Amino acid sequence: MGWFRAGSSVAKLAIKRSLCQRGFVTRVRPTVPIQNRYFHTTVVKSKAQAAPVPRAVPLSKLTDSFLDGTSSVYLEELQRAWEQDPNSVDESWDNFFRNFVGQAATSPGISGQTIQESMRLLLLVRAYQVYGHMKAKLDPLGLEQREIPDDLDPALYGFSEADLDREFFIGVWRMHGFLSENRPVQTLRAILTRLEQAYCGNVGYEYMHIADREKCNWLRDKIETPTPMEYSRERREVILDRLMWSSLFENFLATKWTTAKRFGLEGAETLIPGMKEMFDRAADLGVESIVIGMSHRGRLNVLGNVVRKPLRQIFSEFSGGTKPSEGVGLYTGTGDVKYHLGTSYDRPTRGGKRIHLSLVANPSHLEAVDPVVVGKTRAKQYYSNDTDRTRNMGILIHGDGSFAGQGVVYETLHLSALPNYTTGGTIHIVVNNQVAFTTDPESGRSSQYCTDVAKALNAPIFHVNGDDVEAVVHVCELAAEWRQTFHSDVVVDIVCYRRFGHNEIDEPSFTQPKMYKVIRSHPSALEIYQKKLVESSQVSKEDIDRINSKVLSILNEEFLASKEYVPQRRDWLSAFWHGFKSPEQLSRIRNTGVKPEILKTVGQKITTLPANFKPHRAVKRIFDDRAKMIETGEGIDWAVGEALAFATLIVEGNHVRLSGQDVERGTFSHRHSVLHDQETGEKYCPLDHIINDQNEEMFTVSNSSLSEFGVLGFELGYSMENPNSLVLWEAQFGDFSNGAQVIFDQFLSSGEAKWLRQTGLVVLLPHGYDGQGPEHSSARLERFLQMSDDHPYIIPEMDSTLRKQIQECNWQVVNVTTPANYFHVLRRQIHREFRKPLIVMSPKNLLRHKDCKSNLSEFDDVQGHPGFDKQGTRFKRLIKDQNLHSDVEEGIKRLVLCSGKVYYELDEERTKVERKDVAICRVEQLSPFPYDLIQRELKRYPNAEVVWCQEEPMNMGAYNYVSLRLATAMKALGRGDMNDIKRMIKTDNLICNEHNGNKITIFRRAKPYLAVIFLQFGYAGSGIIAKAALNKGMSHFGFSIYRNLFAAIVFAPFAAVLERKVRPRMTFPILFKILMLALLEPVIDQNLYYAAMKYTTATFAVAMTNMLPALTFLMAWMLRLEQVNIRNIHSLAKIAGTIVTVGGAMILTMVAGPAIRLPWTKADQSTNVAHSTTAQDPIKGAIMITVGCVCWASFYNLQAITLKSYPACLSLTSMICSAGALLNTILTLVVERGNPRLWSLHFDIILLSYFYSGMITSGVGYYVSGKIMRAKGPVFVTSFNPLAMVIVAILSSFILKEQLNFGRVFGAITIVIGLYLVVWGKCKDPSLSSKSDNVDQIATIDVQLQDKNLRTDCVKEGKADVAKANNVGDNAV
C-alpha cells in the first residue's frame, strides 16, 4: 500500500509535467457552474472567472512513453534488473512484473499493453476511489453544483476513444477490488463503466483517508464487485413495506393533527427502512442490544416504526392523553414534549432473532445525547461481559448542521478508541437536510461535507442519495458489517431534504426560495420507488394497493384505540429498575458504616504494594504513611477515606468507576490510585486487587481526554444502565464544569422529572479560595444550588421514619469537611433504594490539612464509636459544634453556620482568642436543606444570634440559597426571620467581634444613631417653636393642617422622581394602612399633643412623651415585631424598663416639687404662663399626651408593618402628609369653621412653626424614621426620646422662661433609667433583635472581602507587588 501511494503521487506529478511541457491538453472541463463545497448553492461563476476550454490532442502524438526521462529510465532499469534476478528488486515490484509478463504472455488482447499504460490505469482507478464521490449523484433535488475533479478524466492519463475497446489487466499484489490479481482481463470501456457505477452513482464512498490496507481492501471488495448489487423480489417487497410505513405514518399524523409540531421525516423517509435493515443485519452478525440517540426530527417515526412504541400511545400523546393515574407510588414527573421522549423494546428481526432497542431521551440540545448513548453502551458491555464488544452497539442519528457545528460531536468521536471509553464502534447516521434550520451550508461549515470531522478518526463515510431507498438500505447494511468487523466508527450520510421546513408550521421559503420551489414539485421517495418497481414488473400495482390498505387500516385502528388509551406504569418508566423506589415511595434509610475487620482488611490491601514494584520514593513514603493510618486507626486523610469507600463497595460486589482529567494521580497529587514503576514503567492499581479473581473493570479509574461535556455525558450514560455501581466524574478544577453545563442543566438536574430516569452519578468539583486565581477558585456552588428544586418556604416531613426529602428533590449538593463524612456520603449513594445525582464541592487544601483527619472508628458500625448516633453510622448532614455542648446552652451568644473549609479557619481563630460563647456548626449537606438538624441547633442555643459565614462574595456561594431556608426554619421556631440572619465573612468579625478601625466602617455603623439623634434635635426645636406659636394664639388645628401640607408639597415631587422605579403598585390594603397612619399621627396625635401643650409647659409635654418607647415596645411585642423570652435576662430587662418608664411618667405628671432657680430666670417668676393665653392644667394635658403617645406608638408599629409591603419611604412619607393635611382640613372645617384667623398667613412665629415642623417633624421625621425602622425596628427609633426632653428642658427655660421643678426632673430621670433598661435589653438580646446589627456591616464586609480577594489574586498570580496590591485594595474600597 505504501509503495502504491508514493508511486502514484510521483507518477501523477510526472504525467502532468510531461504533458504540460509538450503543450498537450488532456481533457475538456465541464461547462456547468461548479462549486466544490456544497450540494446546492446560489453562487455561479461569472464568464470572466470560467476556465478556458482546452483542445484535445490524440494519444498517438504523445512522444514520451509515460513519465519524464528520469522516471522512465528508472522504471526500465528496474525491469531489466528483475529479468536478470527477480530477488534484486522489491517484493512489490517483483509481483507487479511477474503478473504483467504472465498476463501478456497468455492474453493476446493485451499484448500491446505497456508498463506505462498499466501505471496510468492504476492511477485512474485510484482516482475513482479517492474522488469518485465528487461525481456521485447525491442530491435528490438536483441542485448540486460541484466541480468534477480533473483526476476522473481518462484523457489526463493519456487514454483516448481509440483505447476504450482495448483489453487491460490491472491486477496489483495485495490489492482487492478492481486491482485484485484474480480479476479477469477487461476492456477499458467496461472498467470505466463499472467504476462509474461503483463510485459515481447514488452512493459516494470516502475511505481512502484510512491508513490501513486491510480496511481499505475490505471496502473495495464490498464496493468494487464485478456486477452492481441487485436485491431480490422478496427483499424489495420488504423494503417497500417498510418505506410505506414510514411515509404513511407521517401522512397520517399530518392529516389528523394539521397544526401540531411533530418534526416529521418527510423528505428523509428512507431512514426508516435503512435503520430496520441495519438492525436486521447487525442481529445476524451477533448484536443483541442497540442504544439509539437522536434529536427531534423523525423521532416519532423512529419510535413508532423502529423501536415499536405503541402507535396508540403516540396518538394519545398528540391528543393530550392523560398521565397514569393508578398504582402505588406512581411517579409521573413533569413530562416532556413527545418528540424528546425515549423508550425501549425487544424487536424481532427479519432473520428470526430478537434485538433489544433503547432510544435514549434527548433535550432540544441536538447532539447532547451523543456521549450519553456511548456511555450507556459501554455500561451494557460491562454488565453483559461483552469483552469483544460485538453484542452491544450504539447508533447516533445526527443532523447535518449539528454534526458539523456542535463540538460535543468531536468530543464523542474522540472517545471511540480510548481504552476505557471505547464501545467497539458507533454507527453515525446523518440525516442531511442540506440546510440547518434556516442556515445554508456555506454559512454553517467550512468543510466540503458536514461529515468531514469523522475523517480525523479514520472512519469510512458513505454518502447516499436519500431518494434511493435501496442505496440507503445497502450502505446501512454495509455500515453494520463494518462495525462488527473492525469495531470502529462508521458514518452514513443520507443526503435528503425537509419538505416542510424546520417544523410543520414553519415557512422555509423565506430563506430558501429556490430549494423549496423544487421541493414542492419533487416526488416522494415512496412514489419514486413504487414507480421503479412497477416499471421493472417485480411488484404490481395491486401489491402496492394491498400494502397501502393494510398500513392505513392499522393506523386507523390504533387511532381509534388511542381515545381510550391510559398509559401504564412501564410506559412512563422508560428504564425500570426492579425494587427501586420512585419519589412517591418511602425508602428506608440505611446505615453506611462497615465492620471494623473489613476496614482493616481492605485498608491493608489498598496500602500494600508488590515486593518487586519500584514506586517513586515520594509515593512510597505516602503509602507507608497510609499503612500507619490503617494500623493505628488514626489520622485517616481524604485520599484514604475515599479509597476505603471504593474498596468496601467493591467487597460488597458493586462496580466503581472514576474518570476525569488526571484522576489517576489526582489534580493535587493526593489520590495515587495508579502507580508507575520507576524502572519498568509498569502500572499497578491497589484497588484492582481487593478481592480474589477481581474483574479487571470492577474498579476502573481512568484519565480522560481533555473534555468535560463529552466525558461527563459518557459517565452519565454509564451510570443510567445499572443502579449497583458508583460512577464518579471529577473535574480538574471545579470551574471546568462550565464546559459541561448542558449536561447539568438538561440531564442531571432535570432528567428524572422529565424522563423518569434516575442516576446516582457523583460529580467531584474542587472548590475553595486557595490562591489558585479567580478561574480555579470557585466551582460555582451557587449555580448548583440555584438549580435545586426544594421549596424555600415549606419545611417537608423531617421525621426519620417518614422523610422523603431527598427522594423528592432533583439532586444533592454537599460540601463535606471530614474524610469520614466523605466516606459515608459516597457509600450512601449505593446503600439506598433510589438513586440521586450527588454534587460534591471537593476540597483542595483540606486534602492535607492537619486538622482534616478522621479516626478509623468513625468509619465502622460499632455502637459507642464516634459517628454512631441513634440511627447508626451514616452521613452527617450537619456536624454540630465539637465542644461537647449540652442539649441547651443558654450562654452561647453567637451561632455560626458555615460549610466547607472555612470551618477550620473559624475554629482556629476561636481557639486563638479563647471565645467560649461562640458555637460553630457545619452544614455538610446544603441541598436538600437539613431543616431538622438546623432547628435542633437553634433550640440548643436559644440566646445566640444566628450568623451564616462563607468565603465567597455575597452573590456567590451558598448564601442566597441558605438564607431563605434558614429563615424558614427560624420562623417555624419563633426565632425571627430573614432579617435576623447575619452574613459575615471576616474571621475577626465573626469570632472576636472587634470593630474595624476603618473610617467608612465606623461611619456606616454610626449612621442610624446619628440620624436618630438628629431627629431628637428636630423634635425638640419643633416643640419649642410650637409652644411659642401657641403662646401667640396659634390654633393647633391650623398647625396640623399647614405643617402636613408644606411637607407634602415639598416631598411629593422628590418621591415622584426618585422612587418611580422602586415604588410598588398601590393596592387597597396599602391605601387603607396609609389612611390609618395619617389618622393616627398627623390627625389624632398632633392635635392632642399641641392642644395639651396649651395646658402645660414644653418641657412637661416632651417629658410625657418618654412613655413612647415603652408603649411602642409593648405594641411591637403584641404584633410579634419584637419577641420576648421570659427566661432571658435581657428580655426581662426590657419588661422591667417598660414598667419603670411608665412609673417615671406618673411621677413627672403628679409630683411637682420645689422650683429650680436658674441664672437666666427672673426672681419674681412664679408661673410659666406669663405669655400663655390658657391657664395650666397638667392633668388634662397629661391625659391628652398619653392618648397621643398611644396613637404615636401605634403609628410607628403600623409604619413598620407597611414598609414591608411598601418599602418606598419617600413616597410613603408624602402620601401620609397629604392624607394628614386632607383629614385635618375636614376636621377643622367641622370644629373651627368660624375661626377667621385660621386661614390667614403672616410672616411671623406661627408661619415659621408651620414650615419648620412640616419639614423636620413630619417630612424628614417620617422619612428618616422609616429608613431606620427597616433596619433597626420601631423600638430603636423611639429609644432616644429622652434626649429631646433634655434639649427642650434647657432651651425652654432659656427661651420660653419656663420653670423647672425637682419632682419633674426626678420623674424624667426615672424615665431615662427605665428607657435604658429597655434599650440595653434589646441591644444585648441578639437572638430576638431585628436585623439591626448586621445591615451596616454587610456593605463593609463585602468591601473587605473584595479588598482581600483582589490583594490575594494580585499577589498569588504575581501581577503586582505588595504595594500595588494595597493600591488595588484601596481602590476597591
Side-chain angles (χ1 to χ4, degrees), residues 638 668 731 733-735 737 764-786 813-818 839-852 878-879 894-912 918 920-927 946-963 966 981-993 996 1334 1337-1357 1365 1368-1369 1372-1373:
W638 200 271
F668 309 100
F733 287 91
D735 60 291
S737 64
L764 306 177
L765 304 177
H767 173 77
Y769 287 70
D770 301 316
Q772 298 285 349
E775 284 79 24
H776 295 330
S777 295
S778 176
R780 298 298 177 184
L781 169 62
E782 62 278 358
R783 292 183 183 173
F784 298 97
L785 294 176
Q786 186 183 44
V813 181
V814 301
N815 193 3
V816 293
T817 57
T818 69
I839 311 298
V840 181
M841 296 292 116
S842 54
K844 290 183 282 190
N845 73 351
L846 294 190
L847 299 174
R848 298 178 180 83
H849 196 284
K850 59 182 177 64
D851 296 325
C852 185
L878 181 145
I879 298 179
R894 173 171 287 170
L895 169 61
V896 179
L897 298 172
C898 63
S899 184
K901 76 178 185 68
V902 72
Y903 163 76
Y904 292 97
E905 300 172 15
L906 296 175
D907 187 53
E908 181 181 1
E909 184 68 18
R910 178 177 61 175
T911 303
K912 178 180 176 181
V918 175
I920 307 175
C921 295
R922 287 168 272 178
V923 182
E924 301 281 283
Q925 178 177 291
L926 293 164
S927 176
V946 180
V947 176
W948 173 258
C949 175
Q950 65 181 38
E951 59 179 350
E952 301 92 347
M954 186 175 181
N955 65 321
M956 297 167 62
Y959 172 71
N960 289 311
Y961 175 88
V962 168
S963 58
L966 179 56
I981 302 172
K982 291 187 177 181
R983 176 190 170 276
M984 297 186 180
I985 296 168
K986 297 278 287 183
T987 303
D988 54 354
N989 283 341
L990 283 164
I991 305 301
C992 304
N993 202 25
N996 191 296
N1334 185 44
Q1337 297 177 11
I1338 289 179
T1340 301
I1341 294 165
D1342 286 344
V1343 168
Q1344 292 169 352
L1345 176 69
Q1346 184 183 16
D1347 177 29
K1348 176 183 175 182
N1349 286 346
L1350 287 172
R1351 291 169 192 256
T1352 302
D1353 290 343
C1354 287
V1355 173
K1356 291 292 183 182
E1357 296 188 19
V1368 172
V1373 175

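Numbers here are sequence positions counted from 1. Computation of the quantities below employed the complete heavy-atom set of this structure, encompassing side-chain atoms and omitting hydrogens, waters and symmetry-equivalent molecules. Since we're looking at a predicted model, the values are computed, not measured.
The structure places OG of S777 at 8.0 Å from CG of D735, a figure rounded to the nearest 0.5 Å. With rounding to the nearest 0.5 angstrom, the CG atom of L897 is 9.0 Å from the CD1 atom of I981. For the atom pair Q786 CD and R783 CZ, the distance stands at 9.5 Å (nearest 0.5 Å). Here the CD-CG distance, from Q925 to N815, works out to 12.0 Å after rounding to the nearest 0.5 Å. Annotation: the span from W638 atom CH2 to T817 atom OG1 amounts to 7.0 Å, rounded to 0.5 Å. To the nearest 0.5 angstrom, L781 atom CG is 10.0 Å from S927 atom OG.
With hydrogens and angles disregarded, no donor-acceptor distance shorter than 3.5 Å links the side chain of R922 to the backbone of Y903. Under the 3.5 Å distance criterion, the side-chain polar atoms of E924 are left unmatched by any main-chain donor or acceptor of I879. A distance-only check finds a donor-acceptor pair linking the side chain of Q950 to the backbone of M956 [under 3.5 Å].
With salt bridges taken as basic N to acidic carboxylate O contacts below 4.0 Å, one links E782 and R780.
Under the 30°/60° scheme for interplanar angles, the aromatic rings of F668 and F733 are found to stand perpendicular.
Across all non-hydrogen atoms, the minimal contact from A779 to S737 is O-OG, 4.4 Å. Contact detail for L895 and C921: the closest heavy-atom pair is CD1-SG, 3.8 Å.
Under the 4.5 Å side-chain criterion, counting only non-hydrogen atoms from C-beta, C898 is not in contact with Y904. Looking at F784 and L765, their side chains come closer than 4.5 Å, going by heavy atoms from C-beta outward. Looking only at side-chain heavy atoms (C-beta outward), R894 and K982 come within less than 4.5 Å of each other. Within the 4.5 Å cutoff, no side-chain heavy atoms of V923 are placed close to those of V962. With contacts defined as side-chain heavy-atom distances shorter than 4.5 Å, the pair K844/P766 qualifies.
Using modelled atom types and a 3.5 Å distance limit, the side chains of E951 and H767 yield no donor-acceptor pair.
The side chain to side chain contact (heavy atoms under 4.5 Å, CB included) test applied to N960 returns no partner, not counting sequence neighbours.
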